[in-house]
Amino acid sequence: MKLHTALMSGAFVTAVAADGKANNNTPSHLRHLKADSKSSKGTKAGKGSSSYSSSYSMSYGPPTPPVTDPPTPKPTRSTLPPTTPPTPAPSPICCNPADLEELILSNVYNGDIETTFDEDPAKSAMEWLKGDTCSCGKFCTDLQLIQRYILAVLYYSTGGPNWTSCGDAASDATCQVQSAYGNSEGFNWLTCNSECEWGGTDCREDDESGRLRVIDVENNGLNGKLPPEITALSKSLVVLALEQNQLQGPIPSSYGGLDKLAVLDLDFNDLTGSLFDLRNMEKLQQLDLNANSLTGSIEGLGWDLTRLTFIDLSYNKFTGTIAPEIGDLGGLTSLQVQCNAFVPPLQFVNCPSGTLAADDVICDNSATICTCTNSTSAAQCDEGP
């Protein structure tokens, strides 16, 4: 990918996952670093139990005092053999097709359409989930089932078996994938491993909830459409990064409901359609959509209700004026809108009065308003990024 002004360190992403608050002291040049330390959990050993036995001698005459065996000493913790926590018993929903469908319908589709699983990618995802719960049977909490189903929908929607890496569902081996925020080395998708350990994913580190916080699979041959089912991860998803793939079609408007999202990076695909409403995305800080074929106006989308510091809409087909509310973003440090079809008036950008189709608008951290720099020629726009 073309690396732009970076916004956050990996530690910052973990902090956002925990409470959605950014660290204002984070250097801007550390955008695509991921925290590489994770807490480890020890296994507590069980305690030994004491045993007692006693016998009594009965005879005529004075009673004989009872004879007792000395108590068996309790073993110290260091003498205990290592113990393995018992594997939780699968919930009753595991390997129960009707209950699985009801769970997914209620939590992903709001119970709307019972024929949801008649067509792909939902059909293939549900068939896989039913088989997975019976053959694997280790990930059967409601949360795990929902997350695994949604990731399976993404897998089948984007040609998972043909991915460059981490798409071999028949192999339990590890794989490597380009991922700035997720597992750059993980397991193949749809294998009998935790969905939190598949390549390019990651779950919350600040508690044991196991909620999915990252989907970051870059430059990996994903070919297809973005599934709206991802919206059902709104309670936890912090990073959605699928840049440099071959994604087509619109960005689902329901993604505007991902109110925990801090990073949306979908650049260098072939996405079409208009940009969705942002007013519910109060924690969004990075919006990277350059080098697609997006169209329409960007006005009135609630820009001023976000925490955006980085916006790159360059090399698209947007029209109209640059939304004036973008100028109200106090933390904005980078705005790139060159190679679109924007027109004046420019209420907060200090640029020439002519067309912006060949202008590179970049907000300077030290300036009170955006300044127009690094002019891009129309010929360069035609050549592409």
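In what follows, residues are counted from 1 in the order of the sequence shown. Computed from a predicted structure; not experimentally measured.
Leu278 has its side chain within reach of Trp303: a pair of non-hydrogen atoms, C-beta onward, lies under 4.5 Å apart. A heavy-atom distance below 4.5 Å is not found between the side chains of Tyr255 and Leu261. The shortest side-chain heavy-atom distance between Lys138 and Gln144 does not fall under the 4.5 Å cut-off. Under the 4.5 Å side-chain criterion, counting only non-hydrogen atoms from C-beta, Leu151 is in contact with Leu212. Side-chain contact between Val214 and Thr201 is absent, with no heavy-atom pair separated by less than 4.5 Å. When side chains are defined from C-beta on, Asp142 does not count as touching Asn107, because their heavy atoms never get closer than 4.5 Å. With a 4.5 Å cut-off on side-chain heavy atoms, Leu154 and Trp189 count as touching. Within the 4.5 Å cutoff, the side chain of Arg307 has no heavy atoms near those of the Glu282 side chain.
Contact record, Asn280 with Gly256: CB-O, 3.5 Å, taken as the closest heavy-atom pair. Contact between Gly167 and Tyr155 at its shortest, heavy atoms only, is O-OH, 2.6 Å. When all heavy atoms of Asn340 and Lys317 are compared, the closest pair comes out as OD1-N, 3.3 Å. Across Val108 and Ala232, no two heavy atoms sit closer than the pair CA-CB, 4.1 Å. For Cys196 against Gly210, the heavy-atom pair with the smallest separation is SG-O, 3.8 Å. Considering every non-hydrogen atom in both Leu264 and Leu284, the closest pair reads N-CD1, 4.1 Å.
Atom CD of Glu195 and atom CD of Gln147 lie 5.0 Å apart (nearest 0.5 Å). The CG atom of Leu266 lies 8.5 Å from the CD atom of Glu243; values are rounded to the nearest 0.5 Å. Remark: Leu103 CG to Asp99 CG distance equals 8.5 Å, nearest 0.5 Å. Atom CG of Asp265 and atom CZ of Phe310 lie 8.0 Å apart (nearest 0.5 Å). We find the SG-CG distance between Cys166 and Asn188 to be 5.5 Å, quoted to the nearest 0.5 Å. Distance check: Glu102 CD to Asn96 CG gives 11.0 Å after rounding to the nearest 0.5 Å.
With salt bridges taken as basic N to acidic carboxylate O contacts below 4.0 Å, none links Lys123 and Asp118.
The hydrophobic clustering, which links ILVMFWY residues whose side-chain heavy atoms are closer than 4.5 Å, places Ile146 and Leu105 together. The hydrophobic cluster containing Ile104 does not contain Leu143, counting ILVMFWY residues as joined when their side-chain heavy atoms lie under 4.5 angstrom apart, directly or transitively. Put simply, Leu237 and Phe276 are part of the same group of oily side chains (I, L, V, M, F, W, Y) that touch within less than 4.5 Å, one to the next. Leu305 and Ile298 fall into different hydrophobic clusters, where Ile, Leu, Val, Met, Phe, Trp and Tyr side chains are chained together by heavy-atom contacts under 4.5 Å.
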Run the side-chain contact (heavy atoms from CB on, under 4.5 Å) check on Leu308 and Leu287 step by step: do they pass?
CA-CA 7 Å; Leu308 280 163; Leu287 182 64; 3.8 Å; yes
Side chain to side chain donor-acceptor pair (under 3.5 Å) for Asp267 and Asn292? Distances and angles first, verdict last.
CA-CA 7 Å; Asp267 64 9; Asn292 280 285; over 6 Å; no
Working for side-chain contact (heavy atoms from CB on, under 4.5 Å), residues Leu233 and Ile215:
CA-CA 11 Å; Leu233 297 171; Ile215 302 175; 3.9 Å; yes
Asp202/Tyr181 under side-chain contact (heavy atoms from CB on, under 4.5 Å): CA gap, chis, key distance, verdict
CA-CA 8 Å; Asp202 194 21; Tyr181 302 105; over 6 Å; no
Could you go step by step and tell me if Thr272 and Leu294 meet the side-chain contact (heavy atoms from CB on, under 4.5 Å) rule?
CA-CA 5 Å; Thr272 57; Leu294 297 170; 5.7 Å; no
Salt bridge (charged side-chain N to carboxylate O under 4.0 Å, His left out), that's the test. Do Asp132 and Arg148 meet it? Break it down for me.
CA-CA 10 Å; Asp132 180 64; Arg148 291 170 80 82; 3.2 Å; yes
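Distance alone, capped at 3.5 Å, is enough to place a donor-acceptor pair between the Ser179 side chain and the Asp216 backbone. With Glu325 contributing its side chain and Gly300 its backbone, the two residues share a donor-acceptor pair below 3.5 Å. For the pair Thr319 (side chain) and Ala341 (backbone), a donor-acceptor distance under 3.5 Å is absent. Not one N or O on the side chain of Asn269 forms a donor-acceptor pair closer than 3.5 Å with the backbone of Leu271.
Within the structure, no pair that satisfies the ring-ring contact (aromatic ring centres under 6.0 Å, His included) test touches residues 119-152, not counting sequence neighbours. Applying the side chain to side chain donor-acceptor pair (under 3.5 Å) test to every pair with at least one member in residues 219-234, sequence neighbours left out, gives these pairs: Tyr109-Glu229, Asn223-Gln248, Thr231-Ser254.
Checked against side chain to side chain donor-acceptor pair (under 3.5 Å), Ser274 has no partners two or more places apart in sequence or in another chain. Applying the side chain to side chain donor-acceptor pair (under 3.5 Å) rule to Glu299 yields the partners Thr321; only residues at least two apart in sequence or on another chain are considered. The side chain to side chain donor-acceptor pair (under 3.5 Å) test applied to Ser124 returns Asp120, not counting sequence neighbours. A search for side chain to side chain donor-acceptor pair (under 3.5 Å) contacts involving Thr158 returns Trp163, not counting sequence neighbours.
At least 2.5 Å separates the SG atom of Cys94 from that of Cys134.
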